[in-house]
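Below you'll find the structure, written out as structure tokens, and then a few comments.
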2 protein chains.
Amino acid sequence: MPITIKDVAKHANVAPSTVSRVIADSPRISIETKKRVNRAMDELGYHPNLIARSLANQSTHVLGLVMPESVDVIFQNPFFSSVLQGLSEGAHNKTYALQMTTGKTKDEIFQEVVQMVQGKRVDGLVLLNSHVEDRLMSYLMDYGFPFVVIGKPYQLEDRVTHIDNDNFQAAKEVTEYLLGLHHKRIAFIGGNQDLVVTVDRLLGYKAALKEAGIEPIDSYIVHGEFLKEGGQEAIDALLKLKNRPTALVVTDDLMTLGVLHMLEDLGIAVTKEISIVSFNNVFLARMTQPPLTSVDINIFSLGYEAAKSLIEKIENSKEPVKRIIIPHQLIIRSSCAAMEA
Amino acid sequence: MPITIKDVAKHANVAPSTVSRVIADSPRISIETKKRVNRAMDELGYHPNLIARSLANQSTHVLGLVMPESVDVIFQNPFFSSVLQGLSEGAHNKTYALQMTTGKTKDEIFQEVVQMVQGKRVDGLVLLNSHVEDRLMSYLMDYGFPFVVIGKPYQLEDRVTHIDNDNFQAAKEVTEYLLGLHHKRIAFIGGNQDLVVTVDRLLGYKAALKEAGIEPIDSYIVHGEFLKEGGQEAIDALLKLKNRPTALVVTDDLMTLGVLHMLEDLGIAVTKEISIVSFNNVFLARMTQPPLTSVDINIFSLGYEAAKSLIEKIENSKEPVKRIIIPHQLIIRSSCAAMEA
DNA sequence: TTGTAAGCGTTATCAG
DNA sequence: CTGATAACGCTTACAA
């Protein structure tokens with residue numbers, strides 16, 4: 001029913017292949033016919049059937065997004081939206097479309113990916129799940145399918161292109177910042193422990209302490225998942241310690257919001273009694289009471305560069321493996337105070 | 001290079017069409033060959049090429065998501081993530097994939113939609129932009145393409161299927177709730193004025209006041225966009241009025257967060273000096289100080305039902321136009337107090 | 001510079 | 001119940 005390339009061909013008195021060439025803007029075609037064909041396309045309101053083109057081309061101009069597994073948890077995080085925004089812009093720049101997985105379990109997602117890949121629905125994939133997961137990655141590597149990951153691919157840093165922050169360094173810096181304010185009892189509140197990002201930040205935190213001659217203590221290191229049952233208990237325990245920390249490194253602004261809430265309940269005054277530095281610097285970091293000192297990790301860029309480098313990989317199959325580190329910076333607001341000497 | 005239906009056919013000693021029938025699980029095919037073909041598929045690791053199938057079928061099993069225009073603003077809102085989550089689950093249930101637009105301006109988005117539609121890349125569309133925009137909608141209606149909108153399609157309520165809350169009623173109820181707490185000076189802080197949702201809520205607010213015999217005053221109605229320059233000024237002015245309101249209806253939790261912040265700066269105590277009821281009940285509503293009384297509008301369901309009804313429309317072309325109203329409910333926390341009699 | 005014709009991998013129609 | 005064969009709409013050698 002809709003206009004096809006044949007209709008245009010007839011209308012312009014040329015062969016279908018000629019129309020195709022005009023669309024592809026082939027150089028070896030007379031300006032004359034080019035004009036005539038273009039006019040015909042306009043007059044008929046022609047639009048190429050992208051599916052047919054994909055079939056002939058063996059390429060779709062679509063990027064697949066592999067969503068994180070525990071969507072409920074991560075989706076809520078503004079982090080996620082920002083990455084998506086970056087990906088969107090990166091894809092748009094090169095006129096690629098974006099398609100995403102919808103499954104919730106690891107298995108469902110794996111199946112969807114297989115469908116996308118073998119079903120030839122996408123030209124490449126961005127993995128958003130920095131979980132320590134490798135079935136998917138080994139599948140993709142075996143298959144030789146283009147993909148990049150946002151975050152650090154566990155144990156495959158040298159073999160897959162990834163876009164990440166220097167989370168170790170960032171955590172080290174914030175801890176040093178706190179040390180510089182004469183804090184000695186600094187605790188670490190991290191997210192899910194099998195997220196590589198959490199591990200990296202924990203290591204950075206420990207490294208800073210050690211360099212300062214302070215031995216990290218286990219009771220000062222907790223992993224709370226606010227959105228899950230019981231996640232708050234560990235933190236509650238930490239804050240009730242007789243030797244309560246005077247400063248906290250919290251690995252996510254949203255978690256910090258929760259911590260703030262708990263501190264309020266416990267009647268502990270942020271800044272005066274306890275300092276906090278947080279991560280991600282999402283929108284709400286400046287809206288809390290007090291406004292948070294937080295590490296801006298340039299989430300948008302994470303997504304943008306991921307799309308960009310994936311497209312490079314797609315369009316140039318022997319693009320080398322890359323590790324792209326997005327810079328971070330500590331944004332100082334009002335959630336930290338110096339200890340009295 | 002990859003395995004095709006022909007390879008399977010050869011391997012199983014049948015014709016390609018037979019393989020196709022096995023895939024489609026056609027009833028008129030012997031259990032014998034069915035088994036044989038299935039085995040062949042397993043052995044060869046066959047996966048159907050979805051692009052080819054789409055071309056033959058004239059259907060993709062993909063839903064298109066038309067993103068809101070001013071992405072930067074809306075993307076940041078947890079609202080957005082939740083809708084996406086609902087859409088994702090709704091699509092997944094019926095094994096549809098999700099593809100989204102990436103453009104930022106109205107024009108870019110329009111062009112992308114045309115591509116998706118005429119390019120036959122998607123079977124239907126969900127419009128997330130409840131902006132008062134109609135070029136896109138009239139195009140789709142003219143074209144006879146299946147789509148649904150989340151929110152209320154301005155002036156087309158009876159002609160396009162949409163999924164919405166009863167925002168008028170919800171706003172009326174919260175205003176009445178405040179009136180019930182003996183507040184008389186109730187102000188309204190809304191978002192972008194050409195969002196239909198803002199208008200509906202404003203109308204509900206006014207209706208409640210009028211029924212209570214209170215004439216709405218202009219100076220008590222402001223529209224602030226926090227993420228934009230100058231958005232806060234109007235609110236600042238409102239809060240500095242000699243006759244400052246004793247209660248606020250704010251149309252979005254994120255905005256409320258901003259208001260909370262401003263109140264803190266002005267030294268006005270929430271609850272004691274001013275009550276607030278908010279909308280959306282996103283995650284952070286329970287994390288603020290004080291926790292917010294907020295209208296839960298079931299954002300997830302909005303997305304879920306949108307996907308569901310779109311798919312119904314796709315699969316049954318004469319599905320009637322529907323208006324699906326997702327219920328809301330006031331979640332009472334601690335941001336409101338009764339006025340002294 | 002342009003036309004012809006053979007794919008791309010499926011599905012669907014029609015025989016048998 | 002199964003096999004040929006013609007679509008689906010486009011691209012791309014190969015000819016002309």
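Excluded from the calculations below are hydrogen atoms, water molecules and symmetry mates; all remaining heavy atoms, backbone and side chain alike, are included. Every chain is numbered from 1, with letters handed out A, B, ... down the list of sequences.
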Applying salt bridge (Lys or Arg N to Asp or Glu O under 4.0 Å) to B:D158 and not counting sequence neighbours gives B:R323

Between [atom2] on [N] and [atom1] on [X], what's the gap in Å once rounded to a whole number?
X     : N      : atom1 : atom2 : value
A:I5  : D:dA7  : CD1   : C1'   : 17 Å
B:I31 : D:dC1  : CD1   : P     : 9 Å
B:D7  : C:dC8  : CG    : P     : 11 Å
A:I29 : D:dT12 : CD1   : C1'   : 13 Å
A:K6  : D:dT11 : NZ    : C1'   : 13 Å

Are any side-chain N or O atoms of B:T4 and backbone N or O atoms of B:K6, one a donor and one an acceptor, separated by less than 3.5 Å? yes

Ignoring hydrogens and angles, tell me if any N or O in the side chain of A:E112 forms a donor-acceptor pair with the backbone of A:T102 under 3.5 Å. yes

More than 12 heavy atoms of other residues, nucleotides or ligands under 6.0 Å from NZ of B:K313: is that the case? yes

More than 12 heavy atoms of other residues, nucleotides or ligands under 6.0 Å from NZ of B:K10: is that the case? no

Restricting to non-hydrogen atoms, name the atom on [X] and the atom on [Y] that form the minimum distance, rounded to 0.1 Å.
X      : Y      : answer
A:P320 : A:T161 : O-OG1, 3.9 Å
A:M67  : A:I109 : O-CD1, 3.7 Å
B:V321 : B:V160 : CG1-C, 3.7 Å
A:D123 : A:P146 : O-CG, 3.5 Å

Sequence neighbours excluded, the answer for side chain to side chain contact (heavy atoms under 4.5 Å, CB included) partners of B:T95 is B:H61

Partners meeting side chain to side chain contact (heavy atoms under 4.5 Å, CB included) with A:K120 (sequence neighbours left out): A:Y143, B:P2, B:N49, B:I51

Does [X] put a side-chain nitrogen or oxygen below 4.0 Å from OP1 or OP2 of [N]?
X     : N     : value
A:Q58 : C:dG9 : yes
A:T4  : D:dG9 : no
B:R53 : C:dG9 : no

Using a strict 4.0 Å threshold on nitrogen-to-oxygen distance, state whether A:E312 and A:K322 make a salt bridge. yes

Would you jot down, in residue-number order, the residues of residues 8-19 of chain A having a non-hydrogen atom under 4.0 Å from DNA chain C? A:N13, A:V14, A:A15, A:S17, A:T18

Heavy atom of residues 41-51 of chain B under 4.0 Å from DNA chain C: which residues? B:Y46, B:H47, B:P48, B:N49

Mind checking if A:L55 touches a base, just sugar-phosphate, or nothing, with heavy atoms under 4.0 Å? base

Have a look at B:T33 and say if it touches a base, only the backbone sugar-phosphate, or nothing, with a 4.0 Å heavy-atom cut-off. sugar-phosphate

What about B:R21: does its side chain form a donor-acceptor pair under 3.5 Å with the base of C:dT13? yes

When B:P27 and B:N57 are each assigned the nearest nucleotide of DNA chain D, the 5'-most assignment goes to B:P27

From the set D:dT11, D:dC1, C:dT11, return the single nucleotide nearest to any side-chain atom of B:S30. D:dC1

Give the angle between the helix axes at the two ends of the helix from C:dT1-D:dA16 to C:dG16-D:dC1, taking five base pairs at each end and rounding to 10°. 40°

